[in-house]
Amino acid sequence: MDIVNQLQRQYVDFLSSLYREGLLDDQFLQIQKLQDESNPDFVNEVVTLFFEDSEKLLHNLAIALSVDQQHVDYQKVDACVHQFKGSSSSIGAQRVRNICVSFRTCYDAKNLEGCLRCLQQVKDEYYLVKNKLQTLFRLEQQIVAAGGAIPIMG
Amino acid sequence: MGMKMQGHHMVAVRLNDPFGTKRKYTFVNRVWLPKILFLWIMIMVFASRVIYDRMDAENKERRKEVLVSMCDQRARMLQDQFNVSVNHVHALAVLVSTFHYYKFPSAIDQETFAEYTARTAFERPLLSGVAYAQRVVNSEREDFEKQHGWTIRTMEREPSPYRDEYAPVIFSQETVSYIESLDMMSGEEDRENILRARSTGKAVLTSPFRLLGSHHLGVVLTFPVYKFKLAPNPSVEQRIEATAGYLGGAFDVESLVENLLGQLSGNQAIVVNVYDITNPSDPLIMYGREHQDFDISLERVSMLDFGDPFRRHQMICRYLQKAPTAWTAITTASLIFVIGLLVGYMIYGAALHIVKVEDDFHQMQKLKVRAEAADVAKSQFLATVSHEIRTPMNGILGMLALLLDTDLSSTQRDYGQTAQACGKALITLINEVLDRAKIEAGKLELEVVPFDLRSILDDVLSLFSEKSRHKGVELAVFVSDKVPKVVVGDPRRFHQVITNLVGNSIKFTEKGHILVQVHLADHAQVVLGASSDATFNGWSKGAALSSVGSQFRTLSGHEAADNKNSWDTLQKLTADEFLSNTSNNVTGPDESFQNVTLMVSVEDTGIGIPLRAQERVFMPFMQADSSTSRNYGGTGIGLSISKCLVELMGGQINFNSSPQIGSTFSFTAVFKRCHKIATGDLKKSLAGDLSVAFVGLKAILVDERPIRAAITKYHLKRLGILVESVDNIRLAATISGKNVSQPDMILVEKDSWLSTEDGGSNLRLSECKQDGQKNLSKMILLATNITSSESDKAKAAGFADTVIMKPLRASMVAACLQQVFGTGKKPQLKGMINGSILRSLLCGKKILVVDDNRVNRRVAAGALKKFGADIECAESGKDALALLQIPHSFDACFMDIQMPEMDGFEATRRIRMLESKANTQINNGYVISKSAQTTEWHLPILAMTADVFHATHEECLKCGMDGYVSKPFEEENIYQAVAKFFKPKPVSSP
């Protein structure tokens, strides 16, 4: 049981650090709450969806902003960023969401340079949060494997 | 962001417009104004100058004309008279020649001549006298002298020296008899005259000289007398030859002219001079004085013809005085100038005023626009900032909650809890600010939904019950029976106002009570008006002081600021109520009205409001004084919001407060009556069903304070319990004893119990409890707070059944009674978690979630599934439309607004179109759905949006949506949106 305790503590610490650093917000908590017996893999499912969507969106964004520097399809950028903002806020990845907001001001102003910068930032943040979430899931799996329950916060 | 930018742009445009393009003046040009005034003054100067000149010239002309006419007149008269005299002298000359020379012997001697001339003197008024001198050549002198008997003398009256020729006077008028025998040729003037006269044969005149007798200026007129008739055109020699003598007369010009002028008018005004101008370079004066002070600017020269061609005379007339100053002209001109000046100045002043007013107007307009813009900007700013602050604050609170869940030392926990409390306070404040900003921006709109007012009040009470119990303050609600059960309005806002007022009261009250009363405003007014009329009739204000010691007849016995709420008034209000309950007709006409105006009053016995602060109570951010926020916290914004809300609800708020005694806030609000039959359902869902298990039970209430008893009664009556109230336990015991039907319960107020607590009554009570049948009355103690020792005592005294803690609420009382009576029903869960209610609402419902974002869709679906709903998903508006082709089996639809291709609004519009089509078909008789009970198709559609600001409620409603849920989902939020559509279903397990 000691290992389970340790894992659980580690899990809590890690999750707290995610909140503290502002990588995640309340919404992630809400999603965790939604997970119950009838829906045991809800968080994982949603987050995976988020990863898949996000990578597609990032890819689309990169194309939209790099193919033809003269005629950037800002509508497409708008669509992508809007999607990204929606899904990131649903998942509670608030730093990604915040960058999406500033991204929007950039393409509203047709500021290509700013867009590219935002794209880079959003990529960075996305990979950061992805990394952290994957770590979190690994921890969860370890806890489950060790026979413990995942601690619920809030 | 785009919207915001646009908003600013619009403000900017509005700012620029009035000053840029629209700045024009009606007709006054401010730059030209002084110049125009100056020009006008110049014109006026010129005009008055012209008028003056004209009038002056006219005057002068007239003066000149007068002078001319006067002068000419004088000259003519002088000339005429002169000529008449000359003619007479001529006649005399003819006389002399005829009778002296042609007759022989002469018919004339001195005597005859003197007489004749004397008698004809009136014919010659101008002549001082006439005389005849004979021509005597030297050779004849001696004969002549002998003949006459005197010697010829010179003018100096000396014997004349030898001369070629003499002209001694032989005949003379008496007036000039002194010149007889004088030689006329001896005088220079006369000699010349004589010579000239005989050579011309005409009357000649001398130049003026001083006459011998009078020493007046005069001229001498000389006529030649011929011895025989001359041939026609005689030569000078012939004339001289024929000359016999000379007739002369002296014109006294001075007296002559004097005389003449004296006969004429205007003599004083003018000066007349007569000159002899035979030698033009040296005019000799005949009349008048030469150098005198008269007006030399204007003169008139009239020529005189005295019949002597050799001599020339003229008359010069002048005015004696200078032309008088033309006062009329000056006055007229200056008057016109002054009038012109005044008119000009008045117009100038008016124009200046217009300019000023226009300036002020523009200034005001500018300021107004600026102020409005500032106001809008402020509200926008506040709304935005509040919204922006809330987001991180939620994070902070969430984190704090997480933090508090972790393993913390007690100090850390304390710190954390403090932080959380502060955060919550901040959120509350921000929400209030946001509310206010919304109200100011006019964005706040009241809902119009039916709600149960009493349950709202119960909710408020439950919020504060903990606090009031903790403070030992009695908190109570009383709602008049006349107030309808269900009214239509905005329950949340009503709740908010009451919460605010009660919260304030709680905050500032340390002892005593807080009483919330709701009456019909009209009714309360009538009754209160009547009671104030009736004060002399025993119901004096002092009656608020009850007989029970020094206590007041209020809820807690403490004095209240406004004794309107004292027992007396309440009694009257309720007494009337009972009356109206018995006679139903009274309420009849009242209910025909659509609106119902409620008067709510919140009375406390707190510290009151200092008099000087009373006027700023409703101003935002104003508290009584700075120490208030130190001692009690809060921002002072609540009351101003309440005021706004009350005004939105069509009412007024005011208060009555005396320091150290308490405050009473009362407000009115207008609601609509609810006529729908569906109220039954509604009451259930909103009020939570009050148990009907107690209908018909009987109770005896023991309370010495009537007002408190009335409140307790009110709550029990809501449960359908019949209540009889008595003053003390003894009375209760007797009643319960003698009553045939045993009361089901006896409720005793703790104060009443304690005050009558002596062995006897206790005993009596327990006796009464024990000696009856097994089915005894339940003994229930009512208390605001109770210590453990008291509770033990109470148990010992027979209140084993239960203690109901105040504040009373119908639902809580019901729960307690259920416990007491063991009615089998589970006590209602107080403050049931929304989750379980939601579950009851959503369980088994089929819900369509439309969102293009997979993640969002999954989360929404997960959230709704958690509450038991059956979820189906669509990823675009089109898919949703396909799924919602009628007939379908969905109960609700959650719709994302921003979607590619077809957004949520559009999709909703299409869905509504489909539905209306189907509905008309139904109405026409086609039955499409098997389940025929659905009379009309109307799928509740709720918008899902992350952006509360842009997708406002109205926008959603406009395109046919029924409400909106903000993303990310929150239970509370979903509950509020969903509760309108679904009736709760019984759930097997919470």
Side-chain angles (χ1 to χ4, degrees), chain A residues 9 12-13 15-16 18-20 22 24-36 38-39 41-43 45-54 56-57 75-76 78-80 82-94 97-98 101-102 104-106 108-109 151-154, chain B residues 1-6 388 390-407 835 839 849 851-869 871 873 875 896-901 903 944-947 966-974:
Chain A
R9 177 164 287 253
V12 168
D13 284 347
L15 193 52
S16 302
L18 292 188
Y19 285 122
R20 199 165 49 245
L24 295 178
D25 66 11
D26 249 6
Q27 188 56 29
F28 189 71
L29 211 66
Q30 297 278 346
I31 289 177
Q32 280 190 315
K33 276 187 189 166
L34 290 179
Q35 179 167 311
D36 55 16
S38 63
N39 219 342
D41 209 18
F42 183 67
V43 177
E45 189 186 335
V46 169
V47 170
T48 314
L49 274 176
F50 172 63
F51 290 159
E52 286 171 10
D53 273 9
S54 300
K56 214 185 305 169
L57 287 170
Q75 260 182 341
K76 189 169 180 192
D78 178 35
C80 289
H82 179 72
Q83 286 269 343
F84 208 4
K85 190 181 133 204
S87 51
S88 57
S89 74
S90 271
I91 213 84
Q94 66 167 344
R97 192 192 78 95
N98 290 346
V101 172
S102 50
R104 187 166 170 190
T105 46
C106 281
D108 273 347
I152 290 174
M153 302 185 64
Chain B
M1 195 65 190
M3 283 280 279
K4 259 188 243 169
M5 291 276 282
Q6 208 181 350
E388 293 297 325
R390 273 205 295 190
T391 318
M393 270 314 292
N394 280 330
I396 292 171
L397 286 178
M399 286 306 107
L400 278 170
L402 287 176
L403 179 69
L404 288 172
D405 280 347
T406 55
D407 222 357
R839 177 172 283 275
V849 174
D851 197 327
D852 62 318
N853 191 319
R854 276 206 295 166
V855 178
N856 288 354
R857 206 159 61 225
R858 189 68 194 87
V859 172
L864 292 170
K865 239 180 221 167
K866 191 184 170 193
F867 301 113
I871 303 298
C873 293
E875 58 179 278
D896 186 27
I897 287 180
Q898 225 176 346
M899 286 186 294
E901 286 181 68
D903 67 6
M944 293 192 290
T945 170
D947 212 336
S966 67
K967 275 196 297 194
F969 279 180
E970 277 169 24
E971 287 178 1
E972 179 77 16
N973 213 327
I974 299 177

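Just the heavy atoms: all of them, side chains too, but no hydrogens, waters or symmetry mates, feed the values below. Here is how names work: the chains are called A, B, and so on, in the same order as the sequence lines, proteins then strands, and each is numbered from 1.
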**Complete:** Counting heavy-atom pairs under 4.5 angstrom with chain B, the leader among A:Ile91, A:Thr48, A:Val46 is A:Val46
**Request:** Verify the neighbour count for atom CG of A:Asp41: are there more than 12 heavy atoms of other residues, nucleotides or ligands below 6.0 Å?
**Result:** yes
**Request:** Name all residues meeting the side-chain hydrogen bond (donor to acceptor under 3.5 Å, both in side chains) criterion together with A:Ser102; count only those two or more places apart in sequence or in a different chain, and write none if there are none.
**Result:** none
**Prompt:** For the residue pair A:Tyr19 and B:Leu402, what are the closest heavy atoms and their distance?
**Reply:** CD1-CD1, 3.3 Å
**Asked** Which residues pass the side-chain contact (heavy atoms from CB on, under 4.5 Å) test with A:Asp25, sequence neighbours left out?
**Response** A:Gln27, A:Gln94
**Asked** If you round to the nearest 0.5 Å, how far is CZ of B:Arg854 from OG of A:Ser90?
**Response** 13.0 Å
**Prompt:** Between CD of A:Gln83 and CG of B:Asp851, what distance do you get to the nearest 0.5 Å?
**Reply:** 8.0 Å
**chain A contact via B:Asp852 - which portion, at a heavy-atom distance below 4.5 Å** = both
**Request:** Mind checking the CZ-CZ spacing from A:Phe42 to B:Arg858? Nearest 0.5 Å is all I need.
**Result:** 5.0 Å
**Message:** Does A:Gln75 have more than 12 heavy atoms from other residues, nucleotides or ligands lying within 6.0 Å of its CD?
**Reply:** no
**Message:** Among A:Ala79, A:Gly92, A:Ser54, A:Ser87, which residue has the highest count of heavy-atom pairs closer than 4.5 Å to chain B?
**Reply:** A:Ser87
**Request:** Could you tell me the separation between the CG atom of A:Leu49 and the CG atom of B:Asn856, rounded to the nearest 0.5 Å?
**Result:** 10.5 Å
**Request:** Decide yes or no on side-chain contact (heavy atoms from CB on, under 4.5 Å) for B:Asn853 and A:His82, but give the supporting numbers first.
**Result:** CA-CA 9 Å; B:Asn853 191 319; A:His82 179 72; over 6 Å; no
